[in-house]
Peer 1: 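Here it is, the structure in full.
These numbers were taken from a predicted model, which means no experiment stands behind them. We name chains A, B, ... by the order of the sequence lines, and we start the count at 1 in each one.
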There are 2 protein chains.
Amino acid sequence: MYIWGHMAKIKSKNNGTKKEVIVEAATRLFREKGFKAASMRDLAEAVGVEAASLYNHIQSKEELLQEICFKVANTFNQHLETIESSELPAIRKVEAILRFHIRQMLEQYELVLVADRDWKHLSDPYLSNFHNQRRTYRKRLAGIIEKGIHTGEIKQVDAPTVVLIMLHAVNGIESWHRSREKISAKQLEENMVLIMIEGLKA
Amino acid sequence: MYIWGHMAKIKSKNNGTKKEVIVEAATRLFREKGFKAASMRDLAEAVGVEAASLYNHIQSKEELLQEICFKVANTFNQHLETIESSELPAIRKVEAILRFHIRQMLEQYELVLVADRDWKHLSDPYLSNFHNQRRTYRKRLAGIIEKGIHTGEIKQVDAPTVVLIMLHAVNGIESWHRSREKISAKQLEENMVLIMIEGLKA
DNA sequence: AATATACATACGAACAAACGTTAGTGCATC
DNA sequence: GATGCACTAACGTTTGTTCGTATGTATATT
């Protein structure tokens with residue numbers, strides 16, 4: 001039964017495989033029920049262990065949420081960095097960022113959704129950290145859009161409003177995941193880009 | 001102190017003023033903390049009463065959520081009805097529906113957001129009822145869009161995807177409410193319509 | 001007009017259940 | 001013999017909710 005026993009060493013090497021299992025199960029559970037409604041006993045059952053045993057691998061329920069939120073934040077921040085320092089015209093940058101959000105929502109949607117919906121349940125060193133990162137990310141994205149407006153690539157609109165629309169529109173992909181008659185992921189992406197980016201072009 | 005005493009009769013006439021106060025406070029609280037994280041003691045404090053006293057006016061915490069969710073559902077269903085039976089061209093219908101969502105989000109955003117975010121915490125007679133209404137609403141909206149595609153008013157896109165984008169994009173207005181440097185509500189509406197409806201036109 | 005009756009609503013105290021988490025113990029591996 | 005991990009038991013809180021009671025107002029009776 002103790003198939004994980006030999007992993008002990010790896011874990012102490014600061015690379016816990018069992019902890020990753022827990023975080024993954026937590027991600028699924030938090031997405032399904034919400035952070036507050038998901039209990040540690042639910043999570044334990046999903047992992048196949050007693051609730052108390054979880055605490056051999058994690059420090060608290062909130063640590064799980066922190067791990068999820070900042071993993072997502074890092075992913076998006078890193079991508080934004082590379083896009084910003086590229087030589088694309090502004091409208092192409094916006095498109096690339098939109099496509100990245102769509103793909104993350106397609107491939108990692110449980111992670112992204114939990115971070116987006118439940119980050120407010122973080123507590124305060126982490127809460128304001130995350131909140132700031134979020135604000136900064138949106139400001140930078142709005143900056144790219146404004147540059148595109150000045151160069152005449154993008155029609156004259158309020159940049160922060162575009163950011164709101166874009167970032168929230170991709171959340172609709174959650175419903176796509178649950179729907180029965182799905183179009184393909186590729187078609188979904190092209191449709192979203194077509195509607196939103198064409199709506200932006202001057 | 002008992003200024004509400006004389007309301008007893010009115011309340012027994014099936015029109016509880018105090019209950020409305022409670023529902024309004026609950027709406028604000030649920031929006032702020034989420035349904036699960038908001039406690040009845042929090043709510044009681046917001047109303048200015050002890051937790052036990054709430055139960056002279058309501059039957060359960062969930063009843064509050066029901067009231068919120070179905071109030072919102074009725075509002076949108078009713079509006080969709082009038083739009084559907086109007087003689088507008090399809091693209092104008094879609095615009096009218098989008099504008100209605102935007103205005104509801106501007107004026108009743110706590111109500112709308114709670115219904116949208118927390119309806120999953122309803123339990124089962126109400127849960128599936130609400131879920132069905134939600135699905136039906138989206139199907140009908142997609143139907144209008146498809147009609148617009150056939151008449152050539154709307155460009156060739158996947159209608160359900162448009163619905164997803166539209167309905168989720170308006171949720172971004174929550175961030176607008178919290179933001180410091182707000183553009184006016186009217187400007188916000190026109191920007192959103194400009195971006196989304198122009199992006200749809202053939 | 002005074003009194004009795006009914007009722008709506010506030011309260012403090014308490015409930016059982018569920019919550020996140022800790023402590024102590026024993027087994028398995030290195 | 002040390003370490004890692006799962007277990008059972010239990011902890012102190014917080015949860016939604018109920019109970020019994022007091023008190024104010026409205027209505028009916030005298």
Peer 1: Starting from P on D:dC7, measure out to CD on A:E50 and report it in whole angstrom.
Peer 2: 5 Å
Peer 1: Figure out the NZ/P separation between A:K18 and D:dC5, and round it to whole Å.
Peer 2: 8 Å
Peer 1: Kindly write out the residues that satisfy side-chain hydrogen bond (donor to acceptor under 3.5 Å, both in side chains) with A:S128, not counting sequence neighbours, or none if the list is empty.
Peer 2: A:D124
Peer 1: How close or far is atom P of D:dC5 from atom CD1 of A:I58, stated in whole angstroms?
Peer 2: 13 Å
Peer 1: Strictly distance-based, threshold 3.5 Å: is any side-chain N or O of B:H168 a donor or acceptor partner for the main-chain N or O of B:L164?
Peer 2: yes
Peer 1: Which residue is it: B:E32, B:H177, B:R28? I am looking for the one with a side-chain contact (heavy atoms from CB on, under 4.5 Å) to B:E110.
Peer 2: B:R28
Peer 1: Looking at CE of A:M196 and CE of A:M166, how far apart are the two atoms once the value is rounded to the nearest 0.5 Å?
Peer 2: 6.5 Å
Peer 1: When you compare the side chains of B:E62 and B:S123, does any donor N or O come within less than 3.5 Å of an acceptor on the partner?
Peer 2: yes
Peer 1: Could you go through nucleotides 18-21 of chain C and list every protein N or O atom that sits under 3.5 Å from one of its N or O atoms, giving the distance for each pair?
Peer 2:
| residue | atom | partner | partner atom | Å |
| --- | --- | --- | --- | --- |
| C:dG20 | OP1 | A:A38 | O | 3.4 |
| C:dG20 | OP1 | A:K61 | NZ | 2.8 |
| C:dG20 | OP2 | A:M40 | N | 2.8 |
| C:dG20 | N7 | A:R41 | NH1 | 3.0 |
| C:dG20 | O6 | A:R41 | NH2 | 3.0 |
| C:dT21 | OP2 | A:Y55 | OH | 2.6 |
| C:dT21 | OP2 | A:K61 | N | 2.8 |
| C:dT21 | O5' | A:Y55 | OH | 3.4 |

Peer 1: Is there a side-chain contact between A:H57 and the phosphate of D:dA6, meaning an N or O under 4.0 Å from OP1 or OP2?
Peer 2: yes
Peer 1: Should A:S53 be listed as having a side-chain N or O under 4.0 Å from OP1 or OP2 of D:dC7?
Peer 2: yes
Peer 1: Take the protein atom CD of B:E63 and the nucleotide atom P of D:dT17, then report the distance between them rounded to whole Å.
Peer 2: 10 Å
Peer 1: Could you check, using the six-membered ring where one of them is a Trp, whether A:Y137 and A:H101 have ring centers closer than 6.0 angstrom?
Peer 2: yes
Peer 1: Is there a donor and acceptor pair closer than 3.5 Å between the side chain of B:N56 and the base of C:dA8?
Peer 2: no
